[in-house]
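Worth knowing before you read on, the calculation uses all heavy atoms, side chains too, and leaves out hydrogens, waters and symmetry mates. Just so it is clear: chains get the letters A, B, ... in the order the sequence lines come, proteins before strands, and each one is counted from 1.
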Amino acid sequence: MPEKLHTRFEDSDGDDAGKTAVRPQKKEQVDVADPVIKETREKKNKKRKREETADVKPNTQRVVIRDGEKSRNASSAQESDQKRDVKEVSNGFKSQKHQSKDQKMIRQGKPSSTLREKARALYEIRKKLPIFPHADEIRQQLKKDDVMLLVGETGSGKSTQIPQFLADESWCRPKTVKVTEEDGKQKDVSVGGCIAITQPRRVAAISLARRVADEMGTPLGSSSPASRVGYSVRFDTSTSPSTKVKYLTEGMLLQEMLHDPWLTKYSAVLVDEVHERGVNVDLVLGFLRNIVSGKKEGRGGIPLKVIAMSATADMESLLSFFKEGFDNAQSTGTDGTNASDGALDHQDSERDEKQGQVAVCHIKGRQFPVKTIYTPEPVHDFVDAALKVIFQIHCKEPMPGDILVFLTGQETVEALEYLVNDYAIGMDPALPKVQVLPLFAALPQAAQQRVFQPAPPRTRKIILATNIAETSVTISGIRFVVDCGKAKMKQFRTRLGLDSLLVKPISKSAAIQRKGRAGREAPGQCYRLYTEKDYLTLQETNTPEILRCDLSQAILTMKARGVDDIVDFPFLTRPPREALEKALLQLFNIQALEESGKISSIGLQIAKLPLTAPLGRVLLAAAQNGPNCLLDVIDIISSLSVENIFLNTTSEEKKEEAEKARRDLFRREGDHLTMLATVQAYAAENTDRKAWAERHMVSHRAMQSVMDVRKQLTTQCRQAKLLPDANTCASIANNQPDPVLILKSFLTGFATNTARIVPDGSYRTIVGNQTVAIHPSSVLFGKKVEAIMYNEFVFTNRSYARGVSAVQMDWVGEVLAGQ
DNA sequence: GAGCACTGC
């Protein structure tokens, strides 16, 4: 794998791909085949660039909540100084000779001199990060307080530096304490020693770990037993026995809590990007609040330090969230200060006074000023308005300076793409050219990558993006942002039991985020296609995901970690009672809960699986139907776990081609068996899977994820003794699938996702009697069968069932009767 | 004959 090797060298040399001096190298990087690696690197390079130019003396004030938009300018002299620094660093560490010496040293378990040199050089850059002067202040605060809320704006260095500030603190050393177990016996347990930093995304966790390992001069993760920095994400964990700083996804931390609810490994948990407010971060914060404000029995009274970090956090609600935890504990006498098992040292008395205090810290980031321009009047057609603004900028503003336009979806992106290209034809030839680049998730990877390539000379890039560009992707060269003020958002409607995808106004913090994209490298401008008055009426922050999604997963997660009564769980934002009840009922219906509301053994098994509750239930039902059925169901579930295994067809011509190519994979029983046929054919292809995928118009990238999930699920099923060993599985692998058994397994988890045909030929849901149409992407589209079962019920322009198979009414009856 | 932002175990 020369490419991977190459990648690693590139990644570890602290290079800055954005500089002219190393341009040729950048080109080489972009050509690497693996899109994931490419993406990670792309991001990291951007990040480095930001970090290395972040040299302004910051303003830090405690307990200040203010407009996160304020930005400051950097002195260009300092900036160029720093670039020189980085160049020296990178030049020293590129040769393969060094690298192999490195590797040898790593094998011996000693940090190599090159690693140390590199760390030393990086230290010069770290010193200039806005957060750096606050190291002592942060350390002092955390000696006193167990909870800290930290607002660090983009580029402040919080995610990389804080773990390093804390790693050598005395409270961060492992301690052996006596813990009373459930059976009443006392046991010696080692508590603490490690710092966890959670991230919402996998790429972020891995690239931060890599960066911090470089800065600390230690090898990364499992490459050496002496490594002090590691990471843990799904499909990829890299830690060592001496890991002190561990980056992990929120989901991974929740998974660890399943086996270790007291997080005994950790002395501190840093929760990063709290403002994104995904469901997992809300759950993590709830569990952490319970630990910090409780007696910490399972930790022998040893405190756990919690730092919630974010770019634009709603600090007031976080502050009252944690304070409420301490207040409740004090009033009921369950707080840590009452622990009398002698595990705490003399600091105990000091802690007593400080109990309930939450430190707040605000650190300015480094952003260039961005001027905001509103439309004087409300706009009724933002595509049209965007077109005008784009050409206004293009005609008026000097080069360089690319334009990033935020739109709502593929449809508006493509409409504007057409208009801009059309308009550009009649443009004054004296003007620079324009290059229009669409960017949305459904776009093939190669097309997405085009936005990262520099524009040809005398050409302005115009990137038309969905909110993929808000968090997931960073593009350099942007000086102008055009923001339509809207986004498509998914909302789960409890009463109807369906997901709706609707165009909605964005929040103020999302608008600020979008605007910030113009000020990464130089002063910029942001054109908002709405009035200032409209801006002021926007919601402050994004609606937390926990208010917008089906809660069954979250509740199962809680119950499996010992929260019996969800009413007592500290929600940062409490979901409406109705939503909680509906989710409880759903879990009860699939036998994940007992009538008392306690989690059942089925529920516990489901909670361990990396699947939604209904899919987990399906897997267990399939296990009851024998290993043959289970293996087939794993294949189907794996493809349901990735968004779309079939490539999107754009043109009419391609559509026919695709249909022909996929004909041998299609099954009349429906989408589930079609997916099974596809996964099995792909897996059976031993020579060139990529070519096979191309021939069948199947996404190779998606199939690679399918294979990852499939492997994870079979491994877990084997550990849970639901599947026999690999050899036995191999011998049954060639058996013909049994469609009835497979579909009946699915009905166990999806009995309420069924509809029957009515005389006019449409389908009505069996529970609720709502009209539902088969989604055009389904192989059953336009077909009429007795009844259908579906995995998803979504509302866009009308109600659609997606992931559809034909079932018989009496099967549905059987399962519903069994409930 | 429709069209779908983004994560995560």
Side-chain angles (χ1 to χ4, degrees), chain A residues 198-205 232-237 248-259 273 276-284 406-415 439-443 465-473 484 486-491 499-504 506 510 513-514 542-546 548-549 553-554 556-557 560-561 606-613 615-616 637-638 641-644 648-650 652 655 659 705 708-709 712-713 715-716 773-778 780-783 792 794-803:
Chain A
T198 71
Q199 291 293 321
R201 278 169 291 278
R202 300 205 292 242
V203 273
S232 177
V233 302
R234 188 181 185 183
F235 308 127
D236 189 5
T237 291
L248 73 179
T249 50
E250 292 150 2
M252 267 301 186
L253 189 74
L254 287 171
Q255 211 59 28
E256 288 188 6
M257 292 189 78
L258 210 48
H259 305 108
E273 314 286 7
E276 292 193 19
R277 291 298 302 275
V279 181
N280 285 348
V281 95
D282 281 24
L283 293 176
V284 164
F406 282 100
L407 298 160
T408 53
Q410 180 176 350
E411 205 180 345
T412 49
V413 166
E414 283 173 344
L439 180 64
F440 46 87
L443 203 67
T466 61
N467 48 9
I468 189 173
E470 227 172 77
T471 49
S472 305
V473 160
C484 77
K486 296 196 161 55
K488 264 183 190 162
M489 277 181 269
K490 211 175 201 171
Q491 171 100 43
D499 268 322
S500 301
L501 198 62
L502 303 169
V503 176
K504 293 214 163 159
I506 59 172
Q513 185 94 10
R514 287 180 173 191
N542 295 344
T543 307
E545 197 189 355
I546 206 154
R548 298 187 285 115
C549 72
Q553 191 99 43
L556 195 66
T557 303
R561 284 155 191 79
I606 295 174
K608 286 181 188 147
L609 295 165
L611 298 170
T612 61
L615 282 176
I637 289 177
S638 304
S641 304
V642 306
E643 56 329 343
N644 197 0
N648 292 351
T649 47
T650 38
E652 250 344 280
K655 241 164 261 183
E659 207 160 292
S705 321
D708 280 340
V709 181
Q712 191 188 23
L713 290 176
T715 309
Q716 263 181 282
I774 297 174
H775 195 272
S777 65
S778 170
L780 287 185
F781 177 73
K783 303 269 189 321
E792 270 186 294
V794 288
F795 180 88
T796 49
N797 287 327
R798 57 192 288 204
S799 297
Y800 285 108
R802 298 183 63 213

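Across all strands shown, A:Q255 has heavy atoms under 4.0 Å from sugar-phosphate atoms exclusively, and none from any base. Among the atoms of the strands shown, none is found under 4.0 Å from any heavy atom of A:V279. As judged by a 4.0 angstrom heavy-atom cut-off over every strand, A:G278 is placed among residues making no nucleic acid contact. Counting non-hydrogen atoms under 4.0 angstrom, A:L254 reaches nothing in the nucleic acid. Here A:N644 lies out of heavy-atom contact (under 4.0 Å) with every strand.
In summary, A:R201 and A:E276 engage in a salt bridge, as defined by a charged side-chain N under 4.0 Å from a carboxylate O. In this structure, A:E470 pairs ionically with A:R514, as a charged nitrogen and a carboxylate oxygen lie closer than 4.0 Å.
In this structure, the side chain of A:Q553 engages the main chain of A:L611 through a donor-acceptor pair within 3.5 Å. Between the side chain of A:R202 and the main chain of A:S232, no donor-acceptor pair closer than 3.5 Å is present.
Following rounding to the nearest Å, A:Q199 (CD) and B:dT7 (P) show an atom-to-atom distance of 14 Å. In this entry the distance linking CZ of A:F440 with C1' of B:dC6 reads 15 Å, nearest Å. One atom, CD1 of A:I468, and another, C1' of B:dC4, lie 13 Å apart when rounded to the nearest Å. Atom-to-atom, CE of A:M489 to P of B:dA5 comes out at 13 Å; the value is rounded to the nearest Å. Whole-Å rounding puts the A:R561 CZ to B:dC9 P distance at 13 Å. Taking atom CD of A:Q513 as the reference point, atom P of B:dT7 lies 14 Å away to the nearest angstrom.
At least one side-chain nitrogen or oxygen of A:T249 sits closer than 4.0 Å to the OP1 or OP2 atom of B:dC9. Contact annotation: A:K488 side-chain N/O to B:dC4 OP1/OP2 distance is under 4.0 Å. Regarding contacts with the backbone of B:dG3, a side-chain N or O of A:N797 is found under 4.0 angstrom from either OP1 or OP2. Here A:R802 does not reach the OP1 or OP2 of B:dA2: none of its side-chain N or O atoms lies under 4.0 Å away. Note on A:T796: a side-chain N or O is less than 4.0 Å away from OP1 or OP2 of B:dC4. Put simply, A:Y800 has a side-chain N or O that comes within less than 4.0 Å of OP1 or OP2 on B:dG3.
A donor and an acceptor atom never sit less than 3.5 Å apart when one is taken from the side chain of A:R201 and the other from the base of B:dC6.
Which of B:dG1, B:dA5, B:dC9 sits closest to the side chain of A:P610 comes down to B:dC9. Comparing B:dC6, B:dG3, B:dC9 against the side chain of A:H775 picks out B:dG3 as the nearest.
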